[in-house]
Amino acid sequence: MTMLGTRPVKTATGRGRREDWSQLTGRTVEVWMQGEHIATGIVDQAADDDSVLWIAGAGADTRRLFDKFSGYQIWA
């Protein structure tokens with residue numbers, strides 16, 4: 001993640017933070033929490049109200065749910 005002062009600007013892959021989670025279905029995203037990379041994957045489904053999204057399962061990984069209330073950040 002690239003930092004500008006104390007604010008992250010973009011990840012090493014060029015992704016920027018997104019607040020409009022409902023628009024991300026089908027996109028490859030990175031999930032972050034408190035500066036730690038949690039997951040990278042394709043958004044399988046996102047709630048219309050931007051509150052949650054699901055990352056599709058891949059290989060041995062199962063589908064995962066992430067919510068804004070818990071502090072997750074999505075970078076796309």
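Closest approach of Thr40 to Glu30, counting heavy atoms only: OG1-CG, 3.6 Å. When all heavy atoms of Glu19 and Lys68 are compared, the pair lying nearest together is O-NZ, 2.6 Å. Met33 and Gly71 get closest at one heavy-atom pair: CE-C, 3.9 Å. For the pair Arg17 and Trp75, the tightest heavy-atom approach, listed with the atom from each and the gap, is N-CE3, 3.1 Å. Smallest separation of non-hydrogen atoms from Val29 and Ala76: CG1-CB, 3.8 Å.
Side chain to side chain, Gln45 and Arg63 meet the donor-acceptor criterion of an N or O pair below 3.5 Å.
At least one side-chain heavy atom of Arg18 sits less than 4.5 Å from a side-chain heavy atom of Leu24. For the pair Phe66 and Ile38, the minimum side-chain heavy-atom distance is below 4.5 Å.
Between the CG atom in Asp67 and the CH2 atom in Trp54 there is a gap of 10.0 Å [rounded to 0.5 Å]. One finds the CH2 atom of Trp32 at 6.0 Å from the NE2 atom of His37 (value rounded to the nearest 0.5 Å). Interatomic distance, CD1 of Ile55 versus CG of Asp44, reported as 8.5 Å (0.5 Å rounding). Note that CG of Leu53 is 8.0 Å distant from OG1 of Thr25, once rounded to the nearest 0.5 Å.
By the 6.0 Å contact criterion, CG on Asp49 is enclosed, its count of non-hydrogen atoms from other residues, nucleotides or ligands being greater than 12.
A donor-acceptor pair under 3.5 Å links the side-chain atoms of Asp50 to the main chain of Ser22, judged by distance alone.
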